[in-house]
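As structure tokens, the structure follows; a few thoughts come after it.
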Amino acid sequence: MKLSLSGRASATAVVAAVTLLTCGSIAGAAPAPAAAAAAPDIPVANVKAHLAQLQSIATANGGNRAHGRAGYKASLDYIKAKLDAAGFTTTVQQFTSSGRTGYNLIADWPGGDTGQVVMAGSHLDSVTAGPGINDNGSGSAAVLETALAVARTGYQPTKHLRFAWWGAEELGMVGSRYYVNNLTTANRSKISGYLNFDMIGSPNPGYFVYDDDAAIEKTFKTYFTGIGVSTEIETEGDGRSDHAPFKNVGIPVGGLFSGADYIKTSAQAAKWGGTAGKAFDACYHSSCDTSSNIDDTALNRNADALAYAVWSLSA
């Protein structure tokens, strides 16, 4: 997650959405129970296995997976190989930022109406200070495992599914902005909605929902209500993660977030557990953002929410 101008964390809400998308927009209709019921459980062990690989990659490459560094490209290659083997059509998009080459990875699941594209994405880069396992290995691994679940189940949605891993988010959403800016007007209009997952396994977690699109917000809340977890609206990180370039051109966006360096209140600790007076992620943008800097319960809930959203919104 990109730093705000004040150096504070972008409190980009991360929660699960399940309302039907209509062509080019999101309907404010009730959730689709049948589609939601068909969404698979995402094994948290699988998500954590991807995180272990990202940790190993960082360890072998100077301790980080930052833009323009070998650890970033190795992370992208790992995810691409998994997707290629699962039958996705992958595209690597190249750009330049701060004098270094960056990459986005786009993966399309064959089939579905390409005039109605549902996207789920996350940034893959870390800061140079550490391996970035919560920020944002957590989102990247959960998006990857959801994509692999699409392949495992042979899911054939009505709408077209696209997954993305963005480069250079930590430098100001450079990769996602490059992607959006290079879409034609016609191709932008085909994206029914973009869901963003940035920091979804914080060790002292909260459950925050983006409020950028009312219908997506409502569906995320519906999912968490169904599992008995209260949520709050994310208000601190507007415009500071990869949903912003999509929102800026009129594409409906939503997403989930479990907190960064803001401090958990007593009321939040009473609601969610954890420690009041402590940051949601005390290792935010630090060398200690390692594979031990993850809350398994938050990661599991948010990964399942991600899948629930993808199945429901594309049905």
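Each residue takes its place number in the sequence, starting with 1.
Within the 3.5 Å criterion, the main-chain N or O of Val229 finds no donor-acceptor partner in the side chain of Lys271. In this structure, His243 contributes its side chain and Gly255 its backbone to no donor-acceptor pair below 3.5 Å. Using modelled atom types, one side-chain atom of Arg177 and one backbone atom of Gly172 make a donor-acceptor pair closer than 3.5 Å. In this structure, the side chain of Asn187 does not engage the main chain of Leu183 through any donor-acceptor pair within 3.5 Å. Within the 3.5 Å criterion, the main-chain N or O of Gly201 finds a donor-acceptor partner in the side chain of Ser258.
Asp108 is linked by a salt bridge (charged side-chain N to carboxylate O under 4.0 Å, His left out) to Arg162, counting only residues two or more places apart in sequence or in another chain. By the salt bridge (charged side-chain N to carboxylate O under 4.0 Å, His left out) test, Arg152 pairs with Glu145, sequence neighbours left out. Every residue two or more places apart in sequence or in another chain was checked for a salt bridge (charged side-chain N to carboxylate O under 4.0 Å, His left out) with Lys278, and none qualifies. When the salt bridge (charged side-chain N to carboxylate O under 4.0 Å, His left out) test is applied to Lys73, the partners found at least two apart in sequence or on another chain are Asp77. Take Phe246 and apply the ring pair (Phe, Tyr, Trp, His ring centres under 6.0 Å) test, not counting sequence neighbours, and it matches Trp166, Tyr194. Shown here are the side-chain contact (heavy atoms from CB on, under 4.5 Å) partners of Ser126, two or more places apart in sequence or in another chain: Asn64, Arg65, Ala66. Annotation: side chain to side chain donor-acceptor pair (under 3.5 Å) contacts of Ser176 (sequence neighbours excluded): Asp242.
The salt bridge (Lys or Arg N to Asp or Glu O under 4.0 Å) pairs that include a residue from residues 291-300 are Lys48-Asp296, where partners are two or more places apart or lie in different chains. Sorted by first then second residue, the disulfide bond (SG atoms under 2.5 Å apart) pairs that include residues 256-315, not counting sequence neighbours, are Cys283-Cys288. Pairs of residues two or more places apart, or lying in two chains, that qualify as salt bridge (Lys or Arg N to Asp or Glu O under 4.0 Å) and include a residue from residues 80-106 are Lys80-Asp84. Among pairs with a residue in residues 99-168, none fulfils disulfide bond (SG atoms under 2.5 Å apart), at least two apart in sequence or across chains. Under the disulfide bond (SG atoms under 2.5 Å apart) criterion, no residue pair touches residues 90-141, with sequence neighbours excluded.
Using a 4.0 Å cut-off between charged side-chain N and carboxylate O, Lys159 and Asp113 make no salt bridge.
Under the 4.5 Å side-chain heavy-atom criterion for ILVMFWY residues, no single connected hydrophobic cluster contains both Tyr103 and Val127. A chain of hydrophobic side-chain contacts below 4.5 Å, direct or via other Ile, Leu, Val, Met, Phe, Trp or Tyr residues, connects Leu51 to Leu105.
The two atoms that bring Met173 and Pro245 nearest to each other are CB-CG, 4.3 Å, heavy atoms only. Residue Met199 comes nearest to Tyr284 through the heavy atom pair CE-CD1, 3.7 Å, listed as atom of the first residue, atom of the second, then distance. Residues Ile106 and Ala164 approach most closely at CD1-CB, 3.8 Å, considering heavy atoms. Heavy-atom minimum distance, Asp213 versus Pro252: OD1-CB, 3.7 Å. In plain terms, the two heavy atoms of Ala151 and Phe88 that are nearest each other are CB-CE1, 4.2 Å.
In this structure, OG1 in Thr275 is found 12.5 Å from CD in Gln268, a value given to the nearest 0.5 Å. Taking CG from Asp212 and NZ from Lys247, the interatomic distance works out to 3.5 Å, rounded to the nearest 0.5 Å. Atom CG of Leu83 is separated from atom OG1 of Thr91 by 11.0 Å, given to the nearest 0.5 angstrom. Once rounded to the nearest 0.5 Å, the distance linking CG of Asn104 with CG of Leu76 reads 8.5 Å.
Taking the side chain as every heavy atom from C-beta outward, His123 and Asp198 approach each other to under 4.5 Å. Side-chain contact between Ile42 and Tyr308 is absent, with no heavy-atom pair separated by less than 4.5 Å. Using a 4.5 Å heavy-atom threshold, the side chains of Ile216 and Val209 count as separate. With contacts defined as side-chain heavy-atom distances shorter than 4.5 Å, the pair Ile57/Tyr78 qualifies. In this structure, Ile294 and Ser138 have side chains that are in contact, with non-hydrogen atoms separated by less than 4.5 Å. Between Leu161 and Val150 there is a side-chain heavy-atom pair separated by less than 4.5 Å.
There is a side-chain donor-acceptor pair under 3.5 Å between Ser122 and Ser140. Residues Asp281 and Asn293 bring a donor and an acceptor atom of their side chains to less than 3.5 Å of each other.
The one candidate from Asn302, Asn134, Asp261 that meets the side-chain hydrogen bond (donor to acceptor under 3.5 Å, both in side chains) condition with Ser202 is Asn134.
No close placement of the Trp165 and Tyr72 rings is indicated, their centers lying 6.0 Å or farther apart. Taking the six-membered ring for Trp and the full ring otherwise, the centers of Tyr262 and Phe280 sit at least 6.0 Å from each other. Separation of the Phe197 and Phe163 ring centroids does not fall under the 6.0 Å cut-off.
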